Trainee: 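Mind looking over this structure? Questions follow.
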Amino acid sequence: MSTAIQVLHALAGLVVLAEALNKLERCAPLASGLSSQERLVDGLKALAWFLLAMGSAGALAAPALRALGMPADAGGEFTRLERPTLAETLVLAGFAVLIIRTRVKEG
């Protein structure tokens with residue numbers, strides 16, 4: 001079961017990272033001609049996609065670093081190179097399913 005969770009976590013991380021980078025490319029909170037509300041909304045959207053990109057990149061980097069022999073506590077307080085928990089995997093998979101659903105809906 002642990003291997004299945006790790007594979008699901010990595011696949012979900014890949015989907016979320018790809019979509020987050022795609023969406024970040026389109027965000028332009030500093031573009032000219034935006035009202036303050038539009039600027040705030042676009043800035044919050046950029047922040048959300050940035051955070052998702054960083055989290056999903058960590059989901060992909062952790063197994064690679066573990067495979068290279070990096071100790072689990074090498075990242076200090078900010079990173080944890082342990083195996084993903086079921087809760088972490090389900091949250092990331094939930095985001096991935098929402099992204100896939102949106103893409104399917106768009107056609």
Side-chain angles (χ1 to χ4, degrees):
M1 182 66 164
S2 179
T3 303
I5 290 173
Q6 291 173 349
V7 169
L8 176 61
H9 195 256
L11 288 174
L14 186 63
V15 169
V16 174
L17 180 60
E19 185 70 9
L21 293 175
N22 182 34
K23 295 288 187 177
L24 269 174
E25 185 180 20
R26 298 182 196 174
C27 290
L30 301 177
S32 61
L34 294 177
S35 70
S36 57
Q37 182 182 10
E38 291 171 328
R39 191 174 308 283
L40 176 63
V41 168
D42 209 40
L44 289 172
K45 183 168 66 170
L47 176 61
W49 284 114
F50 172 76
L51 293 172
L52 284 168
M54 294 299 290
S56 59
L60 293 173
L65 292 173
R66 272 196 320 269
L68 292 173
M70 185 83 64
D73 61 350
E77 294 181 27
F78 297 109
T79 61
R80 186 174 53 81
L81 300 179
E82 299 167 357
R83 291 178 176 19
T85 65
L86 180 60
E88 292 170 339
T89 301
L90 293 177
V91 168
L92 195 57
F95 276 113
V97 169
L98 288 173
I99 290 166
I100 292 168
R101 176 202 154 270
T102 301
R103 291 295 181 158
V104 169
K105 186 177 164 185
E106 290 174 353

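Note that the structure is predicted; figures quoted are calculated from it, not measured.
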Trainee: Would a 4.5 Å heavy-atom cut-off, applied to side chains only, mark Gln6 and Arg83 as touching?
Mentor: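 They are in side-chain contact.
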
Trainee: Measuring from Leu60:CG to Leu14:CG, what's the distance to the nearest 0.5 Å?
Mentor: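 Here the interatomic distance stands at 6.0 Å.
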
Trainee: Side-chain heavy atoms nearer than 4.5 Å, only ILVMFWY residues, links allowed to pass through others: does that put Leu47 and Val41 together?
Mentor: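 The answer is no; the residues belong to distinct hydrophobic clusters.
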
Trainee: Taking atom NZ of Lys23 as the centre, report whether more than 12 heavy atoms of other residues, nucleotides or ligands fall under 6.0 Å from it.
Mentor: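 Above 12, so yes.
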
Trainee: Among the clusters formed by ILVMFWY side chains lying less than 4.5 Å apart, do Phe50 and Val15 turn up in the same one?
Mentor: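 Yes, because Phe50 and Val15 connect within a single hydrophobic cluster, where side-chain heavy atoms sit under 4.5 Å apart.
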
Trainee: Show the nearest heavy-atom pair for residues Ala59 and Leu92, with the distance to one decimal.
Mentor: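 Smallest interatomic distance, heavy atoms only, reads CB-CD2, 3.7 Å.
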
Trainee: Give the minimum heavy-atom separation between Thr89 and Pro84, together with the two atoms involved.
Mentor: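 Shortest heavy-atom contact: OG1-CB, 3.7 Å.
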
Trainee: Give a yes or no answer on whether the side chain of Asp42 reaches the backbone of Ala28 with a donor-acceptor pair at less than 3.5 Å.
Mentor: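 Yes, the answer is positive, given that a donor and an acceptor are paired below the 3.5 Å cut-off.
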
Trainee: Rounded to the nearest 0.5 Å, how far does CG of Leu34 lie from CG of Leu40?
Mentor: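 If I round to the nearest 0.5 Å, the distance is 11.0 Å.
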
Trainee: Applying the 4.5 Å side-chain criterion to the ILVMFWY set and letting contacts propagate, would Phe95 and Leu21 be lumped into a single cluster?
Mentor: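 No; tracing contacts between hydrophobic side chains, which count when under 4.5 Å, never links both residues.
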
Trainee: Ignoring hydrogens, what is the shortest heavy-atom contact between Ala46 and Leu24? Give both atom names and the distance.
Mentor: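 Smallest interatomic distance, heavy atoms only, reads O-CD2, 3.4 Å.
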
Trainee: Just how far is it from atom OG1 of Thr85 to atom NE2 of His9, taken to the nearest 0.5 Å?
Mentor: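 Thr85 OG1 to His9 NE2: 7.0 Å, rounded to 0.5 Å.
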
Trainee: Applying the 4.5 Å side-chain criterion to the ILVMFWY set and letting contacts propagate, would Ile100 and Val16 be lumped into a single cluster?
Mentor: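 Yes; Val16 is reachable from Ile100 via cluster members.
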
Trainee: Which distance, rounded to the nearest 0.5 Å, do you find between the CH2 of Trp49 and the CG of Leu44?
Mentor: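 If we round to the nearest 0.5 Å, Trp49:CH2 and Leu44:CG are 14.0 Å apart.
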
Trainee: Would you kindly confirm whether Leu11 and Ile99 end up in one hydrophobic cluster when ILVMFWY residues are joined by side chain heavy atoms under 4.5 Å apart?
Mentor: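 No, separate clusters.
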
Trainee: Closer than 3.5 angstrom, by distance alone: can the side chain of Arg39 be matched with the main-chain N or O of Ser32 as a donor-acceptor pair?
Mentor: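 No; zero donor-acceptor contacts below 3.5 Å.
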
Trainee: How far does CG of Leu8 sit from CG of Leu90, to the nearest 0.5 angstrom?
Mentor: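 Atom-to-atom, Leu8:CG and Leu90:CG are 7.5 Å apart.
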
